[in-house]
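Written out below as structure tokens is the structure these notes cover.
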Amino acid sequence: MRIKTRFAPSPTGYLHVGGARTALFSWLYARNKQGKFILRVEDTDLERSTEISTTNILNGLKWLGLDWDEEPTLQSARIHRYQEILNDMVDKKLAYYCDCSKSRLSSLREQQLAEKIKPKYDNKCRERNLKSSDNTVIRFSNPLNGKVIFDDLVFGKISVDNSELDDLVLQRSDGMPTYNFAAAIDDYDMEITHVIRGDDHINNTPKQINILEALAFQVPKFAHLPMILNEDGKRMSKRHDAVNVMQYREEGILPEALLNYLVRLGWSHNDQEIFSINEMIKLFDLANVNKASATFSKDKLLWINKNYIQNFENINYINELEDIIKQIGADIKLGPPLHKILPFFAKRSETLIDFAKDCLFLYTDKIEYNSPSVSRFFTNGIQTSMNKVVDMLEGAQGWSLEEISQIIKSVIKMDSLKFPQLAQPIRIALTGDTNSPGIAEVIFLVGKERTVARINAAIRLNS
RNA sequence: GUCCCCAUCGUCUAGUGGUUAGGACAUCGCCCUUUCACGGCGAAAACAGGGGUUCGAAUCCCCUUGGGGACGCCA
């Protein structure tokens with residue numbers, strides 16, 4: 001049978017890192033097996049679901065490059081199908097109507113909690129044979145005895161006693177199906193072979209298996225993924241943690257890098273750290289997924305990102321970089337085309353934001369001097385040497401790195417200077433700060449005319 | 001509280017009965033150096049604890065401890 005996996009987000013926010021990791025593993029598994037990967041939007045909660053959330057989540061997946069097969073399915077479009085099955089279940093006494101009020105349910109729950117027992121529905125309506133009416137829900141007649149055992153592809157054998165489960169609601173009083181019901185039916189109808197999801201769903205699995213088995217529907221295989229914890233070792237939360245995938249984009253993280261970081265959170269292939277997308281697809285398997293939850297490390301993400309930025313020959317991020325430079329307010333036409341500066345800046349940047357800031361002096365003529373550095377390096381008399389550099393640069397025949405480098409060196413020799421004594425004030429004149437690529441490279445990239453203008457301006461200001 | 005699950009350096013992990021317990025991030029030191037970086041070399045750093053099983057346990061079993069998850073007309 002052809003492998004088919006799905007990612008089934010609820011449209012109640014954006015794509016967060018946990019969801020992205022789940023989607024990635026699901027996607028990798030399908031791609032590795034030449035199977036299908038589909039999307040299912042679980043929008044059965046009318047209160048919380050929004051269309052904008054669906055768009056956000058899809059955009060997140062697109063940015064990451066996690067492409068899907070088939071049109072995404074909305075559960076809200078399938079209510080007739082759920083209804084059909086529900087009617088059948090009630091007919092077959094696999095499910096029943098229940099009119100217990102929410103207040104009765106909550107006091108029951110409080111009582112059970114007070115008695116220190118697991119809160120469960122007491123099956124009051126199970127044998128009452130109620131008819132459907134405005135306020136009724138449909139509950140599942142969960143088996144009373146025995147246990148549910150399934151073989152999780154990551155965790156191995158998991159066993160839960162039916163006495164731990166209760167008659168869960170399948171359909172709300174507003175007519176919408178609940179998660180455990182809709183997900184089980186959809187996985188069956190959509191012929192999902194492998195349900196890959198977070199391990200917070202382990203406890204739902206026996207419920208879904210019972211529903212499927214009651215209906216004599218085939219049960220898919222399950223693979224639960226360990227959770228991702230934040231740097232405090234707590235579960236990632238929207239309040240405290242950077243969990244929106246698009247936030248990483250704004251921070252200058254490359255999608256390939258985020259994917260690479262995420263794939264190593266819970267999965268490994270010996271000692272390998274860096275994987276191209278194709279390698280991930282080729283090497284991914286569920287057998288090497290870890291069981292323990294993992295802590296998210298921004299440091300390591302940045303390290304991986306740095307690797308990808310350095311690897312500009314294979315990863316194209318010029319358009320993204322250009323957007324950021326424009327956002328900062330610089331004019332890309334003032335300086336060299338971006339692909340020409342890559343070799344000089346790529347190995348210096350952890351993020352695209354760093355990169356953009358570092359190369360900004362090439363794309364703006366408003367140089368803001370870092371004043372403490374100015375006073376430190378613009379020592380008495382250095383202006384004379386700087387003037388010599390200007391003169392020689394103006395007289396230069398060509399404009400090569402080698403030639404520029406020779407000019408700097410000759411002035412240093414002429415005036416008996418140490419390299420930084422001359423290089424630093426020039427660097428400040430050209431870039432505003434003390435940190436940049438090599439001084440000859442900077443001069444080369446800024447260009448003759450602008451270099452001369454900037455050095456002259458700096459000399460005027462500091463003499 | 002009840003149930004389910006997990007447990008190797010600070011972090012991500014390799015390891016599937018016999019290893020000096022390996023790699024990576026971060027940290028620290030040295031080297032390189034034209035500033036900041038990059039890079040190179042090196043150091044420190046772990047099998048949660050206790051019982052078994054075994055000639056031999058990080059690896060298998062049990063208990064304890066710690067952590068996570070679930071217990072909704074959320075997903």
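Protein chains get the first letters and strands the later ones, always in sequence-line order, with residue 1 at the start of each.
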RNA chain B-proximal residues of residues 145-156 of chain A, any heavy atom under 4.0 Å: Phe155(A)
task: With syn defined as a glycosidic angle within 90° of 0 and anti as everything else, classify rC31(B).
output: anti
field: Sugar-phosphate only, base, or nothing, as touched by Thr44(A) at under 4.0 Å among non-hydrogen atoms
entry: sugar-phosphate
N/O donor-acceptor pairs under 3.5 Å from side chains in residues 137-146 of chain A, not counting sequence neighbours:
| unit_1 | atom_1 | unit_2 | atom_2 | d |
| --- | --- | --- | --- | --- |
| Arg139(A) | NH1 | Asp167(A) | O | 2.7 |
| Asn142(A) | OD1 | Asn210(A) | ND2 | 3.0 |
| Asn142(A) | ND2 | Asn162(A) | OD1 | 3.4 |

message: Could you identify the nucleotide paired to rA14(B), looking across every strand shown and requiring Watson-Crick or G-U wobble geometry with both distances under 3.5 Å?
response: none
message: What contact category does Thr295(A) fall into here, base, sugar-phosphate, or nothing, at under 4.0 angstrom with non-hydrogen atoms?
response: sugar-phosphate
task: Using a cut-off of strictly less than 4.0 Å between a heavy atom of the residue and any atom of RNA chain B, enumerate the qualifying residues of residues 352-360 of chain A by number.
output: none
message: Within the 4.0 Å heavy-atom criterion, would you say Gly198(A) contacts the bases, only the backbone, or no part of the nucleic acid?
response: nothing
Counter-base of rG42(B), judged by Watson-Crick or G-U geometry with both distances under 3.5 Å: rC28(B)
message: Could you check whether the side chain of Glu273(A) and the base of rG23(B) have a donor-acceptor pair of N or O atoms closer than 3.5 Å, going by distance alone?
response: yes
field: Contact under 4.0 Å: Ser436(A) side-chain N or O vs rA37(B) OP1/OP2
entry: no
message: For rA7(B) and Lys291(A) - does any side-chain N or O of the residue sit under 4.0 Å from the phosphate oxygens OP1/OP2?
response: no
